[in-house]
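Atoms within a ligand are numbered from 1 in the order they appear, just like the ligands themselves.
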Amino acid sequence: MPQLRQNFFTKEWVIIATERAKRPEELATRRPAQVVPAFLESCPFCPGNESKTPPEITRFPANSSDLWAVRVIPNKFAALSSDVQPTRSLQHSRRRVEGFGFHEVIIDTPDHSSCMALLPDVQVARILGVFKERYNLLSTDHRVNHVTIFKNHGVDAGASLQHPHCQLIATPVIPSQVRHRLHEALSHYDDAGECMFCHMVDREIEDQTRIVLKTDLFVAMEVFASATPFATHIFPLRHRASFGAISAAEITDLACVLRTVLAKLYVGLENPDLNFTIRSAPSDYSSARHFHWYLSVIPRLTRMAGFELGSGMFINTVLPEAAAEFLRNVHADKATGAVASTL
Ligand SMILES: [Zn+2]
Ligand SMILES: [Zn+2]
């Protein structure tokens with residue numbers, strides 16, 4: 001029978017439509033294999049084309065004149081600008097803030113043909129290390145209230161350039177979605193005296209049915225009230241509100257967990273378009289006991305239609321428990337191939 005399930009964090013309802021349930025493997029993209037060159041002359045993110053991007057912000061290894069492993073640049077088509085001040089104005093019902101912010105691109109690898117699912121864990125750890133550095137640096141700017149780090153992989157996930165990269169946008173406001181989650185988490189903390197995320201993670205580990213993989217420091221799981229098929233959350237087992245507090249050991253561990261989850265999706269669903277985003281407390285809440293950072297991976301396997309737009313309620317045709325079982329059984333090591341030889 002169909003079920004309505006409520007998301008523990010957001011209180012949003014989803015319909016798990018078991019009547020039209022799909023087997024997880026039915027969502028594989030069936031995309032014909034594409035030959036992508038390791039270097040593309042016209043790609044501004046490929047090595048040798050550094051002059052085609054705005055001036056570099058930083059690189060890893062820092063200050064190296066040799067080939068970089070990770071590079072950070074301003075987004076050439078930035079959504080926000082750091083050249084203006086976040087002046088606020090309110091006229092009748094119209095509230096505005098000047099378009100202040102930072103919009104950066106993190107180039108994952110010099111290899112044009114690769115993607116994060118195919119990179120060595122050590123390279124994913126370098127990227128996460130760069131995320132931490134940029135996150136913490138931008139969080140100290142008193143004009144910044146929230147930093148979002150995300151990946152768009154594939155056209156349906158919003159990627160306009162194929163070269164593997166992530167992005168960071170720092171905004172002068174706290175997005176209402178983030179504010180809503182913070183309020184729900186605070187209200188649970190006040191009522192129950194515990195972090196709702198720690199509580200949920202403990203129960204999910206006991207239950208096992210939605211767990212994809214677990215290490216000493218992280219757990220990856222399918223979301224109980226998942227709005228879309230294969231929505232996967234990765235939680236640190238140590239309570240921390242802010243991604244900026246991630247330790248060196250956690251970076252190494254998360255690199256392996258994230259890369260494995262991405263590789264399982266890559267193999268099991270044949271390289272689906274996907275987004276991932278780091279959900280972290282805004283900087284002023286970085287030591288909050290009620291919020292817990294996590295990483296959310298959302299494959300783009302379905303499209304939003306009228307019902308979703310009209311109600312904000314999603315219909316998911318894959319049982320999260322079936323998705324978890326499917327992913328547990330996919331061998332991530334089959335995602336071999338274009339690993340950059342220069343790393
Ligand atoms: Zn490229
Ligand atoms: Zn917690």
Once rounded to 10 degrees, what value does the angle at the Zn ion (ligand 2) take between SG (Cys195) and ND1 (His292)?
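Output for this angle: 120°, rounded to tens.
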Looking only at N, O or S atoms in His112, which is nearest to the Zn ion (ligand 1)?
ND1
Determine whether the aromatic ring centres of His112 and Phe45 lie less than 6.0 Å apart.
no
Close aromatic pair by centroid cut-off 6.0 Å: Phe9 and Phe197:
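Yes - the distance between ring centres of Phe9 and Phe197 falls below the 6.0 Å cut-off.
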Quick check: of its N, O or S atoms, which one does His239 have closest to the Zn ion (ligand 2)?
ND1
Decide, yes or no, whether a salt bridge links Arg210 with Glu204 under the criterion of side-chain N to carboxylate O below 4.0 Å.
yes
Using a strict threshold of under 4.0 Å (side-chain N to carboxylate O), is an ion pair present between Asp108 and Arg71?
no
Might you confirm whether atom CG of Asp216 has over 12 heavy atoms from other residues, nucleotides or ligands at distances under 6.0 Å?
no
Is His199 close enough to the Zn ion (ligand 2) that one of its N, O or S atoms comes in under 2.8 Å?
no
Opening angle between ND1 in His163 and SG in Cys46, taken at the Zn ion (ligand 1), to 10 degrees
110°
